[in-house]
Protein chains: 2
Amino acid sequence: MSDLSKLRELFPELEEELYNEIIQVGVIKEVPAGTTILQVAQPIRTVMLVLDGVVKLYQEDDEGDEYFIYHIEPGQACAVSMVCAYKQEKSTVTAKSVTDVVLLTVPLEYMDKWLQKYKSWHYFVIKTYRSRYEELLRTVSEIAFRNMDERLEFYLKRQVKQFGKHVKLTHQDIANDLNSSREVISRLMKKMEKNGWINIHRNSFEWIRD
Amino acid sequence: MSDLSKLRELFPELEEELYNEIIQVGVIKEVPAGTTILQVAQPIRTVMLVLDGVVKLYQEDDEGDEYFIYHIEPGQACAVSMVCAYKQEKSTVTAKSVTDVVLLTVPLEYMDKWLQKYKSWHYFVIKTYRSRYEELLRTVSEIAFRNMDERLEFYLKRQVKQFGKHVKLTHQDIANDLNSSREVISRLMKKMEKNGWINIHRNSFEWIRD
DNA sequence: CTGCTTATGTGACAGGTATCACATACCATT
DNA sequence: AATGGTATGTGATACCTGTCACATAAGCAG
C-alpha cells in the first residue's frame, strides 16, 4: 500500500492537498520497540504522527520515577510534540515505543503553516488536544481519588483494551508505570487472581473477567 | 469602559469583526463568589470567557471529594466548556467562582461557526487547550510524585501568585482542594510557619518567603 | 539434567497520611 | 465581659503502601 493511501486511511479527515504536502515534507521513521522517541526537556523540532505500532507517554521526575499517562495509536498525533513547539515548561514528558513503531515526522514550521492553510489540519490539532485533555483529566481523577488497587484495575483495563486480553508486562513494568513498587503490584495482582479477574503468568497476565 | 474596548483589552489577539460578533451574541453574566458555574455531568450549551474575577476548576468524584486543578483568569476561556461541546466522559469537572466574576457566555453553536470563519478564534482555542494541557501535565506530576508537604507548597505558591501574598483560605478549604484533611494541612502549615515561610492567621495566611 | 538468571511470592517493618477525640484560640454578637 | 460558633492545635491510632530480606518458581544455556 502506498504511503498516500495509508495516510488517507489513518487520517481520513484531512484535505487531499494536505495529504500530498505531508508526503512531501514528512519523513517516515521506523523505530524498534522500547526506544525513547521524545523528551520534553530536549527541544523538539518535529511533530509526530503515528502510522503503526503503539507509543506510550509518561511523566518522569528528577529521580527517574515514571507515571504512565496514555497510549498513542495509529491515526493519532502526539499532542506533546505540538505543545513543545511553543514554550517549554519543566514537566518532563517522555514518549517511548511499546511495540515496533512507524512514525511520520513533520518539521515544526509546517505546524503553523498548515494551520494557516488547511482547515482540516486545524480541526485535527484541536481534536488531538481535546481528546488528550479529557484523558489527562481522567488520569488526575484516578491518582487524586483512588487507592492503588483501583488504579491498578484501571491501568490493567487500559492495557487490555489496547493490546487484548493477554498482556505482556512484568509486575516490575506495571509498578514503574504506576510509580509503585513490584511487591505491592504482585500482592494486589495475586488478590485479583484469587478473585478470578486475571490469570498471572511469567512476564504476562491474562484478563478473564467482564 | 464599553464592553467592546474591554474585550479588545482582555483578548487582544482576536479579529475586529469577531469582537463585534461576540458582543452581539454573547451574554454578560455576573456571578457572585462561591457559585458553581458548570459541571461536566450536566450538558453545557455555552462557551465561557472570563472578563473579571477568578474561576477555580476542580475535579470531583462520586463521594464529593475535590481536587483543585487550576484558576481561570480574565482574558482566558474555559477549556472544559469547549470540551463539553463534544462527547462527554465520566470525569466530573466543576468550575466555581472564587471571587465575584463577570462572564461572557456564548452559545455553543458559535464555537464551530467561528472556527470556520475566524483564524484568530482558531488560534485562541488552540492556545487555550495547549496551555491547559501543560497545566494538567504539571498537576499529574505533582500528585504522582510528590508528598503532601511538597504539594501543599506548590498549591500555596499558586494561590499566592494568583491572589497576592495574603491569601484568604481556611485550612479546611485547602484540605478540600488537595483532597486531604484539615488536621494534616494544619500540621504541615505549622511546620512551614516554624520554618519562616508563612504567617498563619485566622481564615488566612501570608507568604513571607522568596 | 544442572545451574544461572530473572520473575514472582511473602513476611516484617517503617513512614506518611487519614481519622478520631478533644483542647485551645479567635472573632462576632449581645 | 460573656457567650457561642468557627478555626486551629495536637496526641493517639489505624491503614495503606513502600522497603528490606529472603524464599520459591519459571525459563534458558550449557
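Residue numbering restarts at 1 for every chain, and letters A, B, ... go by the order of the sequence lines.
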Nearest-angstrom distance from the residue atom CG of L169(A) to P of dA7(C)
12 Å

Expressed in angstrom and rounded to an integer, what is the separation of R202(B) atom CZ from dA25(C) atom P?
13 Å

Tell me: CD of Q172(A) to P of dT6(C), nearest whole Å?
13 Å

Separation of dG9(C) atom C1' from I174(A) atom CD1, nearest Å, is 15 Å

5' priority, DNA chain C, between R187(A) and N203(A) [closest heavy atom]:
N203(A)

Side chains of Q59(A) and R138(B): is there a donor and an acceptor less than 3.5 Å apart?
no

Looking only at side-chain atoms of H171(B), point me to the closest of dT17(D), dG9(C), dG9(D).
dG9(D)

Expressed in angstrom and rounded to an integer, what is the separation of E193(B) atom CD from dT10(D) atom C1'?
15 Å

Any luck finding a side-chain donor-acceptor pair between D177(A) and Y67(A) under 3.5 Å?
no

Which whole-number value in Å describes the distance from L178(A) CG to dG18(D) C1'?
14 Å

Give D173(B) one of three labels, base, sugar-phosphate or nothing, depending on what nucleic acid heavy atoms sit under 4.0 Å from its own.
nothing

Assuming nearest nucleotide by heavy-atom distance, tell me which of M148(B) and R182(B) is located more 5' along DNA chain C.
M148(B)

Taking the basic N atoms (NZ, or NE/NH1/NH2) and the acidic carboxylate oxygens, is any pair closer than 4.0 Å for R132(B) and E135(B)?
yes

Of the listed nucleotides (dT10(C), dC20(C), dT8(D)), which one gets closest to any side-chain atom of E183(A)?
dT10(C)

DNA chain D: R146(A) or M189(B), which has the more 5' nearest nucleotide?
M189(B)

Could you give the CG-to-C1' distance, from L188(B) to dT10(D), as a whole number of Å?
13 Å

Could you give the NZ-to-C1' distance, from K168(B) to dT6(D), as a whole number of Å?
12 Å

If the cut-off is 4.0 Å, is S180(A) near the phosphate of dT17(D), judged by side-chain N/O to OP1 or OP2?
no

T94(A) and E60(A): side chain donor to acceptor below 3.5 Å
yes

Check ion pair K127(A)-E13(A) (N to O, under 4.0 angstrom)
yes

Categorize S181(A) for me: base, sugar-phosphate, or nothing, with a 4.0 angstrom heavy-atom threshold over every strand shown.
base

